[in-house]
Amino acid sequence: MKTKTKKIIVANWKCNPVNLAQAKKLLGLVERGVKDLKNLKVIICPPFLYLPSIKRQASGIRFGAQNCFWTEGAFTGEVSSKMLKGLGVEYVIIGHSERRQNFGETNGIINKKIKSAVAVGLKPILCIGETKEQRRNGQTDDVLLEQLEVGLSGIQLKAGLILIAYEPVWAIGTGNNCQPQDAEKARLLIQEEIGERIPILYGGSVDAKNVKSYLDVEYNGVLVGGASLKSEEFVKLAQNSCK
Ligand code: PGA
């Protein structure tokens with residue numbers, strides 16, 4: 001049954017590119033390259049600043065933010081879930097390891113963000129994953145389960161509400177992608193915890209060459225960082241995921 005559902009490719013542009021003209025150009029190239037691909041859902045997550053203009057430029061592509069805050073008010077520099085929803089954004093990445101590591105986001109903070117996103121009808125893409133040290137110490141399963149348990153606490157899981165991205169921290173931006181059989185173990189653990197109806201993505205050095213190996217072990221899609229900034233590579237990746 002799973003093979004018939006649309007594959008999901010999330011492009012996490014992170015803090016790139018450096019100006020709106022480049023963002024529009026990248027989006028245009030991607031849009032052209034993927035528009036005839038069937039059974040594929042492409043979700044682009046640009047920096048907040050570009051969302052209003054590039055959202056208008058594209059058709060057939062979904063949009064997400066890379067972060068959100070749970071409320072409005074005296075919170076300098078933040079952007080709330082309600083504001084994103086008001087802009088017509090559909091998805092939001094929450095709990096990316098770069099937010100956890102560089103901005104001190106805990107599972108508790110992530111849970112507040114998830115709740116606020118779900119409350120306004122934004123679909124969170126919750127990122128979870130172990131560090132190299134945690135993997136070496138045999139803690140991978142415990143770390144993933146805790147991130148899921150606390151991150152999703154109080155959320156009534158159902159189809160269409162949320163996506164999970166398994167992103168081993170050591171595989172992100174390193175070119176050292178997780179072996180598909182190890183990624184499969186993580187996927188099975190996650191699925192056991194959250195059920196079969198929630199899509200699970202793999203992320204961490206995904207490129208055009210390795211994307212298929214994750215779909216082959218029944219991931220519903222991938223979350224792509226570095227390769228999403230190179231239009232040719234990204235389009236190839238999208239094509240290969242349809243094969
Ligand atoms: P990467 O990033 O594809 O560059 O490893 C993935 C991510 O950070 O989500």
Side-chain angles (χ1 to χ4, degrees), residues 6 8-20 22-24 26-28 30-31 41-128 147 150-165 167 198-199 201 203 220-225 228-229:
K6 281 193 178 179
I8 301 164
I9 301 186
V10 181
N12 177 12
W13 286 2
K14 309 192 182 186
C15 192
N16 297 290
V18 72
N19 59 44
L20 180 60
Q22 286 184 29
K24 284 183 170 175
L26 176 58
L27 179 67
V30 168
E31 197 184 7
K41 192 185 277 184
V42 176
I43 303 166
I44 301 218
C45 302
F48 286 135
L49 196 59
Y50 304 149
L51 269 169
S53 345
I54 72 168
K55 238 189 101 277
R56 274 198 294 274
Q57 185 192 342
S59 61
I61 286 190
R62 320 289 182 100
F63 287 92
Q66 299 170 14
N67 184 25
C68 63
F69 193 66
W70 52 85
T71 187
E72 298 75 43
F75 300 100
T76 304
E78 294 295 336
V79 173
S80 75
S81 293
K82 257 190 205 157
M83 293 174 190
L84 291 167
K85 182 67 183 174
L87 203 62
V89 171
E90 262 185 278
Y91 296 86
V92 56
I93 296 173
I94 297 181
H96 191 281
S97 69
E98 287 153 15
R99 303 257 0 136
R100 293 177 189 262
Q101 288 189 330
N102 303 330
F103 301 96
E105 288 196 10
T106 60
N107 287 325
I109 289 175
I110 288 160
N111 179 244
K112 285 187 171 190
K113 295 188 173 192
I114 298 267
K115 280 182 174 153
S116 73
V118 167
V120 297
L122 272 176
K123 289 179 196 152
I125 302 167
L126 169 61
C127 299
I128 60 172
Q147 289 174 336
V150 183
L152 296 176
S153 130
I155 302 287
Q156 197 89 41
L157 288 176
K158 56 177 191 223
L161 194 78
I162 188 167
L163 299 88
I164 306 294
E167 297 209 298
I198 307 293
L201 316 177
N220 302 99
V222 288
L223 202 168
V224 187
S228 72
L229 295 170

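Predicted, not measured: the structure shown is a model, and the values here were computed from it.
- In this view, K14 and E98 satisfy the side chain to side chain donor-acceptor pair (under 3.5 Å) rule, not counting sequence neighbours.
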**Q.** Steps toward side chain to side chain contact (heavy atoms under 4.5 Å, CB included) verdict (L152, I162)
**A.** CA-CA 10 Å; L152 296 176; I162 188 167; 3.3 Å; yes
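- Every pair passing salt bridge (Lys or Arg N to Asp or Glu O under 4.0 Å) that includes a residue from residues 112-124 is listed here, sequence neighbours excluded: E105-K113.
- Applying the side-chain contact (heavy atoms from CB on, under 4.5 Å) test to V120 and every residue at least two apart in sequence or in another chain returns S81, K82, K85, L122.
- Judged purely by atom type and a 3.5 angstrom limit, R99 has no side-chain atom pairing as donor or acceptor with the backbone of Q66.
- What you find for A65 and L51 is that their closest heavy atoms are CB-CD1, 4.2 Å.
- For the pair I93 and C45, the tightest heavy-atom approach, listed with the atom from each and the gap, is CD1-SG, 3.8 Å.
- To the nearest 0.5 angstrom, I9 atom CD1 is 10.5 Å from L223 atom CG.
- Sorted by first and then second residue, the ring-ring contact (aromatic ring centres under 6.0 Å, His included) pairs with a member in residues 60-89 read F69-F75; sequence neighbours excluded.
- Rounded to the nearest 0.5 angstrom, C68 SG and L84 CG are separated by 6.5 Å.
- Among residues at least two apart or in separate chains, there is no ring-ring contact (aromatic ring centres under 6.0 Å, His included) pair with a member in residues 82-125.
- Remark: S80 engages E72 in a side chain to side chain donor-acceptor pair (under 3.5 Å) (not counting sequence neighbours).
- Between the side chain of Q57 and the backbone N or O of L27 there is no donor-acceptor pair closer than 3.5 Å.
- Considering every non-hydrogen atom in both V89 and G64, the closest pair reads CG1-CA, 3.8 Å.
- If you take CG on N67 and CD1 on I94, they are separated by 7.5 Å, rounding to the nearest 0.5 Å.
- Shown here are the side chain to side chain donor-acceptor pair (under 3.5 Å) partners of E90, two or more places apart in sequence or in another chain: R62.
- L163 CG to L126 CG: the interatomic distance, rounded to the nearest 0.5 Å, is 10.0 Å.
- Annotation: the span from I44 atom CD1 to I54 atom CD1 amounts to 6.5 Å, rounded to 0.5 Å.
- The side-chain contact (heavy atoms from CB on, under 4.5 Å) search around P17 returns W13, Q22, A23, Y50, not counting sequence neighbours.
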Q. Between S97 and E167, is a side chain to side chain contact (heavy atoms under 4.5 Å, CB included) present by the stated rule, with each step listed?
A. CA-CA 8 Å; S97 69; E167 297 209 298; 5.5 Å; no
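- Separating the SG atom in C127 from the CD1 atom in I164 is a distance of 9.0 Å, to the nearest 0.5 Å.
- With sequence neighbours excluded, the residues forming a side-chain contact (heavy atoms from CB on, under 4.5 Å) with V118 are I114, P124, I155, L161, listed by chain and number.
- Residues passing the side-chain contact (heavy atoms from CB on, under 4.5 Å) test with E31, sequence neighbours excluded: A58, S59, I61.
- In summary, of the residues considered (I109, N107, T106), a side-chain contact (heavy atoms from CB on, under 4.5 Å) with R100 occurs for N107 alone.
- Residue pairs meeting the side-chain hydrogen bond (donor to acceptor under 3.5 Å, both in side chains) criterion with at least one member in residues 153-163, sequence neighbours excluded, do not occur.
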